[in-house]
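Everything below concerns the one structure shown next.
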Amino acid sequence: MQLSWSQHLETARLIENCSTEDRGTALALMGIALLVLSEDLARASEQQQPVALL
């Protein structure tokens, strides 16, 4: 899944504004969003830098 930076920010803001009753679910969703962001950043980094094979 590749989201744009603005889509990642929009997701974080949406989760941040949840009610107190839904805070546990929001934290779980934020964890998933961070995982997706880290995967997207790793993929973008791999595309910019060629891997040297030894």
Scan the side chains in residues 19-37 for donor-acceptor partners under 3.5 Å anywhere in the protein, sequence neighbours excluded, and list what turns up.
unit_1: Ser19; atom_1: OG; unit_2: Asp22; atom_2: OD2; d: 3.2

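Summarising the geometry, atom CG belonging to Leu41 is positioned 11.0 Å from atom CD belonging to Glu46; distances are rounded to the nearest 0.5 Å.
Listed by chain and residue number, nothing satisfies the side chain to side chain donor-acceptor pair (under 3.5 Å) test with Ser38 (two or more places apart in sequence, or in another chain).
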